[in-house]
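We name chains A, B, ... by the order of the sequence lines, and we start the count at 1 in each one. Because only heavy atoms are used, hydrogens play no part in the values below, and waters and symmetry mates are left out as well, while side chains stay in.
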Number of protein chains: 2
Amino acid sequence: MTATIQDVARAAGVSVGTVSRAMNDYSDISAKTRERILEVAKEMNYRPNLVAKSLSSKHSRSIAVILSGFLEDVMFNDFETMLMKGCYQFAIEHDLDISMYVINTKTQTEKSYEQLCYEHNIAGAVIFGLKNTDPYFKSLEESNKPCVTIDVEVGGENVSNVTNDHVAAFDELTQYLIDQGHKRIALVSGRKNAAVTVQRFEGAMNAMKRNGLELPKEWVIYTNFLKDEADSEVEKFLKEHGEAGVTAFLCMSDMLAIGTIEALKKSGYRVPDDYSVVGYDGIYVTEHTDPKITTVDQNIKDKGYEAAHLLYDMIEGIRPAQDLILPHSLVIRDSVKKV
Amino acid sequence: MTATIQDVARAAGVSVGTVSRAMNDYSDISAKTRERILEVAKEMNYRPNLVAKSLSSKHSRSIAVILSGFLEDVMFNDFETMLMKGCYQFAIEHDLDISMYVINTKTQTEKSYEQLCYEHNIAGAVIFGLKNTDPYFKSLEESNKPCVTIDVEVGGENVSNVTNDHVAAFDELTQYLIDQGHKRIALVSGRKNAAVTVQRFEGAMNAMKRNGLELPKEWVIYTNFLKDEADSEVEKFLKEHGEAGVTAFLCMSDMLAIGTIEALKKSGYRVPDDYSVVGYDGIYVTEHTDPKITTVDQNIKDKGYEAAHLLYDMIEGIRPAQDLILPHSLVIRDSVKKV
DNA sequence: CACATTTCCAAAAACGTTTTCGGAAACGCG
DNA sequence: CGCGTTTCCGAAAACGTTTTTGGAAATGTG
């Protein structure tokens with residue numbers, strides 16, 4: 001079996017408390033005994049039991065990534081993975097214990113955020129995938145445990161948010177389309193009341209108004225962010241408003257852009273020759289589609305890293321809860337043609 | 001703060017042991033007191049601290065997914081995510097506590113598998129991403145904790161392996177190409193000595209020999225499973241052996257297929273009209289490329305689910321360690337043309 | 001009714017750590 | 001040398017559970 005602190009203590013001829021002090025680099029121990037204990041520990045291949053450590057210790061070095069709806073949507077694999085990579089990167093660099101938990105709307109009602117933290121003895125979490133109707137909104141706000149949400153504004157004393165300036169980013173994306181000469185632009189939108197939808201819509205409108213452009217009601221196509229919906233809805237749009245002279249589709253996500261392109265191709269059009277299309281998110285598929293999709297990269301891995309960073313600082317009392325707005329970048333590829 | 005078992009005991013007027021018995025549905029407690037305790041617990045919103053539970057309890061209900069090299073390669077996001085989804089699915093259905101750990105070749109030397117399990121009090125793990133030179137090979141074999149590897153044969157009393165019949169699958173894929181009339185087929189291969197490469201090579205050769213086909217040395221293109229390598233190597237191949245009359249590229253992974261298609265397009269060829277290409281893995285990008293790529297789907301999510309399942313059964317003593325071969329399926333799409 | 005058995009529960013040990021408390025030894029200073 | 005500090009470390013409490021042990025009460029049996 002694996003050696004415990006008791007075994008090390010016995011072997012080194014000291015008490016367990018002393019071994020603990022040696023292992024944790026405390027001050028009230030002589031250099032000589034520390035050396036000796038460390039040596040013995042190494043020889044015995046001793047590793048502290050993190051569970052016991054976590055139970056006993058006052059301040060926990062464990063954080064978590066909480067993914068809501070992970071098991072439900074098949075779409076955004078990249079997003080979650082890249083986010084986690086960022087978080088894990090930070091955790092490893094700072095020797096934090098990190099784990100991942102999956103929740104959904106149902107489990108959110110059964111167990112508060114604070115309870116989840118308590119159950120697993122974690123100091124805080126980076127939370128991704130919350131819908132704005134989710135019970136966790138209240139749960140987080142009321143919680144004493146710090147947390148960092150991604151792309152969703154919660155409020156509360158202990159909750160930070162890491163996001164991009166989606167309004168500005170979408171404005172920029174729209175402006176790019178306009179700069180390429182597009183004047184009649186259809187908007188492929190996400191769920192009507194989702195926070196991200198609202199922000200991106202605002203960005204689009206800002207750019208259009210600034211350039212004296214109109215966005216007729218019939219030109220906005222609503223979906224639930226699902227590729228297949230974009231596919232069928234755009235197909236319908238082409239049938240109904242094909243003669244309206246639209247030259248470009250401004251999509252609120254990359255998956256919607258992919259669906260849009262599929263619909264266009266199916267209807268016999270070429271992208272970008274007949275219609276231009278842009279996406280939003282910067283998931284890696286956009287590099288491999290035909291044509292490669294012009295999009296806004298959210299740098300999701302950095303977001304994960306910075307979220308973990310901020311969480312850590314909140315836990316350690318280095319930084320207070322705050323909102324962090326990370327830079328985005330317009331990625332120009334092949335799905336837009338100058339007209 | 002959150003209620004502990006002590007608080008519940010006090011509130012219900014019983015001892016902590018009794019509360020524990022009530023919560024865990026043990027037999028030696030009267031139905032009446034159980035009811036009462038459960039009620040009190042519910043009212044107080046009591047949730048057992050899983051860390052304490054895990055420390056105290058003899059048999060742990062925690063399993064883990066261990067990802068090796070997670071932070072290194074940017075390529076196979078899908079793979080890991082889908083695998084995890086499968087594992088988490090099983091865990092949630094069976095009320096297991098599941099967590100995820102990231103290791104790499106370096107951390108493998110520092111800490112054995114058994115130590116990692118001990119540190120986190122986990123009963124066993126599903127392990128993905130091991131390279132055949134990794135230190136964990138020995139570590140797993142010597143370990144007392146059960147584990148399930150994915151796609152990699154380790155050996156040892158407590159280690160199972162969940163995989164596909166890659167030889168048969170690649171044979172099938174090759175046969176499909178042959179059935180479509182292709183006789184001169186180039187092979188875009190992965191790392192020379194990797195287990196998966198060897199198996200897939202064998203499958204390809206089986207099909208070719210059976211059909212009386214040859215595979216000249218110059219027609220096998222080696223890569224490290226990286227898309228960009230496929231891109232450049234195939235480009236080189238076209239320059240050097242463009243006149244050899246090759247009509248199809250048999251790729252050992254989907255990413256290689258994507259790279260191959262890019263190279264072909266860059267060189268002015270159309271897929272599948274000028275050259276046919278097939279991939280292997282079934283990652284979701286292949287559905288969105290142009291053309292959509294014909295491939296072999298490994299059903300990675302099922303693999304995750306079954307791996308967790310087998311792990312659980314090993315822990316509970318229901319099934320012994322064993323190798324599980326899951327079905328694959330040929331997914332015919334648009335990247336192959338009949339010649 | 002006496003005794004054996006069963007049912008139920010309280011008390012306490014155990015899990016492997018950290019942390020607090022207190023005291024012995026070493027040291028410094030007059 | 002005596003006394004106050006400081007340095008170092010052992011003992012024990014604490015973290016929140018589960019599990020073992022033992023015994024009182026309830027039940028069954030003759």
Side-chain angles (χ1 to χ4, degrees), chain A residues 1-38 40-41 44-62 97 114-123, chain B residues 1-38 40-41 44-62 97 114-123:
Chain A
M1 275 304 135
T2 335
T4 73
I5 200 172
Q6 321 262 5
D7 303 329
V8 178
R10 207 163 13 237
V14 296
S15 73
V16 291
T18 306
V19 177
S20 175
R21 275 184 287 255
M23 297 301 296
N24 294 291
D25 243 358
Y26 281 176
S27 56
D28 55 346
I29 183 173
S30 74
K32 210 175 63 186
T33 28
R34 185 192 1 259
E35 282 310 306
R36 185 161 47 91
I37 292 174
L38 256 35
V40 172
M44 298 180 75
N45 236 314
Y46 166 70
R47 293 256 159 196
N49 181 317
L50 295 182
V51 172
K53 200 164 177 163
S54 148
L55 178 63
S56 160
S57 181
K58 293 288 165 277
H59 73 291
S60 150
R61 280 193 80 76
S62 302
D97 202 39
E114 196 155 4
Q115 278 174 327
L116 188 144
C117 288
Y118 174 76
E119 268 186 31
H120 294 93
N121 268 51
I122 56 179
Chain B
M1 271 310 130
T2 334
T4 74
I5 201 171
Q6 321 262 5
D7 302 328
V8 178
R10 206 162 15 234
V14 295
S15 74
V16 291
T18 306
V19 176
S20 175
R21 276 184 290 256
M23 297 300 297
N24 294 293
D25 244 0
Y26 282 177
S27 56
D28 55 345
I29 183 174
S30 73
K32 211 175 59 183
T33 29
R34 188 199 348 265
E35 284 309 307
R36 186 161 47 90
I37 292 174
L38 255 35
V40 172
M44 299 179 74
N45 236 314
Y46 167 69
R47 292 255 159 196
N49 180 316
L50 295 182
V51 172
K53 201 165 176 162
S54 147
L55 180 61
S56 161
S57 179
K58 294 288 165 277
H59 74 291
S60 150
R61 280 193 78 77
S62 302
D97 202 41
E114 197 156 4
Q115 277 174 328
L116 189 144
C117 288
Y118 174 76
E119 268 186 30
H120 294 94
N121 269 52
I122 57 180

Hey, are the side chains of [X] and [Y] touching, using non-hydrogen atoms and a 4.5 Å cut-off?
X       : Y        : value
A:Ile5  : A:Ser20  : yes
A:Ile37 : A:Arg34  : no
A:Thr4  : A:Val16  : no
A:Asn49 : B:Glu119 : no

Inset, instruction - Could you check whether B:Asn24 gets within reach of a base, just the sugar-phosphate, or nothing at all, counting any heavy atom under 4.0 Å? - result: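 B:Asn24: backbone/sugar contact only, no base atoms under 4.0 Å.
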
Legend entry - Side chain of B:Ser56 (C-beta onward), nearest among D:dT18, C:dT17, D:dC15: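 Output: D:dT18.
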
Inset, instruction - Return the minimal non-hydrogen interatomic distance between B:Ala52 and A:Leu55, and the atom names on each side. - result: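 Heavy atoms of B:Ala52 and A:Leu55 come nearest at CB-CD1, 3.8 Å.
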
Inset, instruction - Tell me whether the OP1 or OP2 atom of D:dT18 has a side-chain N or O from B:Tyr26 closer than 4.0 Å. - result: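 Answer is no, no contact under 4.0 Å.
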
Inset, instruction - Look at the side-chain N and O atoms of B:Tyr46 and state whether any lies under 4.0 Å from the OP1 or OP2 oxygen of D:dT17. - result: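 Yes, because at least one side-chain N or O of B:Tyr46 sits under 4.0 Å from OP1 or OP2 of D:dT17.
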
Legend entry - Short side-chain to backbone donor-acceptor contact, A:Ser56 and A:Lys53, under 3.5 Å: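 Such a contact is absent between A:Ser56 side chain and A:Lys53 backbone.
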
Spacing between [X] atom [atom1] and [N] atom [atom2], to the nearest angstrom:
X        : N      : atom1 : atom2 : answer
A:Leu55  : D:dT18 : CG    : P     : 12 Å
A:Lys53  : D:dG16 : NZ    : P     : 19 Å
B:Ile122 : C:dG16 : CD1   : C1'   : 17 Å
A:Leu50  : C:dG16 : CG    : P     : 13 Å
A:Arg61  : C:dT17 : CZ    : P     : 17 Å
B:Asn121 : C:dT17 : CG    : C1'   : 11 Å
A:His120 : D:dC15 : NE2   : C1'   : 17 Å
B:Arg10  : C:dA10 : CZ    : C1'   : 15 Å

Legend entry - Quiz item: A:Ser57 side-chain donor-acceptor pair to C:dT18 base, under 3.5 Å: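 Checked by distance alone, the answer is no.
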
Legend entry - Donor-acceptor pair between A:Asp97 and B:His120 side chains, under 3.5 angstrom: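 The criterion, which ignores hydrogens and geometry beyond distance, is satisfied for B:His120 and A:Asp97.
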
Inset, instruction - Produce a footprint string for nucleotides 6-11 of chain D: one letter per nucleotide, 5' end first; B if the base is under 4.0 Å from any protein heavy atom, S if only the sugar-phosphate is, - if neither. - result: --SBB-

